[in-house]
Every structure is written in C-alpha cells, then in structure tokens.
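Position 1 is the first residue of the sequence; numbering continues from there. All of these numbers come straight from a predicted model, not from anything done at the bench.
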Amino acid sequence: MAAQQHKQPNNPLHGVKLVDILEYLVATHGWEEMGRRINIRCFTHDPSIKSSLPFLRKNLWAREKVERMYLKSIRKRQP
C-alpha cells in the first residue's frame, strides 16, 4: 500500500520542490538580485540551478533564506 500523503493547508511550501523554487526566483529576480539578497557563492560566482541545489540541500540556513525569499515573492504577486 502506498504511503498516505498528509495535507498541509497552512504550509505554502508543501509540495513545492526546491528546484521549482529556484527556477521561479531566477525567472522573477535573476541571479544578480538573488546574490545581492542572499550572499552565497553559488548565487554570485558562475550561478546555476545545478550548482545551487546540492549546496542548498546541505545547508539548511541557506535553504531557509531561499524559501523566505520565495514566500515573500509569491505573496507580492497575490491579489
């Protein structure tokens, strides 16, 4: 039997993949702005999704900053 998925209606990040968050932020803000707001090397020196994912998966503090930036960004777009 497949594991039952628990719904989390109050968690806006539930079901959102890190790669999707990064792609959204890059499309919305660009690497330069992301590097200015979150000063990490994978955003400021030869940035790419591929190089950023492993770093963000290993460093919770950096991932949390990216997630906060994403949440602020999507809230601004909601009516």
Side-chain angles (χ1 to χ4, degrees):
M1 185 184 330
Q4 183 181 17
Q5 288 185 333
H6 298 286
K7 293 184 179 184
Q8 297 182 18
N10 295 327
N11 182 356
L13 293 173
H14 181 71
V16 182
K17 295 178 183 177
L18 183 57
V19 67
D20 295 333
I21 291 172
L22 279 176
E23 288 172 351
Y24 175 85
L25 290 174
V26 171
T28 304
H29 300 287
W31 288 112
E32 188 174 330
E33 179 65 15
M34 289 173 60
R36 189 184 68 73
R37 292 186 187 191
I38 305 170
N39 189 13
I40 52 178
R41 187 171 177 83
C42 63
F43 289 175
T44 60
H45 294 81
D46 196 25
S48 72
I49 300 287
K50 187 176 178 179
S51 68
S52 300
L53 285 172
F55 179 81
L56 294 172
R57 287 182 179 132
K58 290 179 187 175
N59 295 282
L60 183 59
W61 63 269
R63 182 181 180 139
E64 288 173 346
K65 287 183 178 196
V66 169
E67 289 173 347
R68 279 194 299 273
M69 183 178 176
Y70 172 75
L71 290 173
K72 285 180 185 178
S73 183
I74 63 171
R75 284 185 187 128
K76 288 181 180 179
R77 292 192 176 267
Q78 294 175 348

Rounded to the nearest 0.5 Å, what separates atom [atom1] in [X] from atom [atom2] in [Y]?
X	Y	atom1	atom2	result
E32	T44	CD	OG1	11.0 Å
S51	F43	OG	CZ	9.0 Å
K17	L22	NZ	CG	13.5 Å
H29	Y70	NE2	OH	11.0 Å
I38	E33	CD1	CD	10.0 Å

Exercise for review: Evaluate the criterion side-chain contact (heavy atoms from CB on, under 4.5 Å) for residue pair W61 and I40; output intermediate values, then yes/no.
Suggested key: CA-CA 11 Å; W61 63 269; I40 52 178; 3.5 Å; yes

Review point. Is the shortest distance from a Lys or Arg side-chain nitrogen in E67 or R63 to a carboxylate oxygen in the other one below 4.0 Å?
Key: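 A salt bridge is present here (some side-chain N lies under 4.0 Å from a carboxylate O).
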
Exercise for review: Evaluate the side-chain proximity of I21 to L56: yes if any heavy-atom separation is below 4.5 Å, no if none is.
Suggested key: no

Point to revise | pair V16-Y24: side-chain heavy atoms closer than 4.5 Å | key: no

Review point. Which pair of non-hydrogen atoms, one from F55 and one from A62, has the smallest distance, and what is that distance?
Key: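 So the two residues come closest at CE2-CB, 3.6 Å.
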
Practice item. Measure across W31 and C42 and return the closest heavy-atom pair with its distance rounded to 0.1 Å. Key: CZ3-O, 4.3 Å

Review point. Is the backbone of L13 close enough, under 3.5 Å, to the side chain of N11 for a donor and an acceptor to pair up by distance?
Key: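 Yes; at least one donor-acceptor contact below 3.5 Å.
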
**Study point:** For E23, the option from V19, V26, L25 that meets side chain to side chain contact (heavy atoms under 4.5 Å, CB included)
**Key:**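 Running side chain to side chain contact (heavy atoms under 4.5 Å, CB included) over V19, V26, L25 with E23 returns exactly one hit, V19.
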
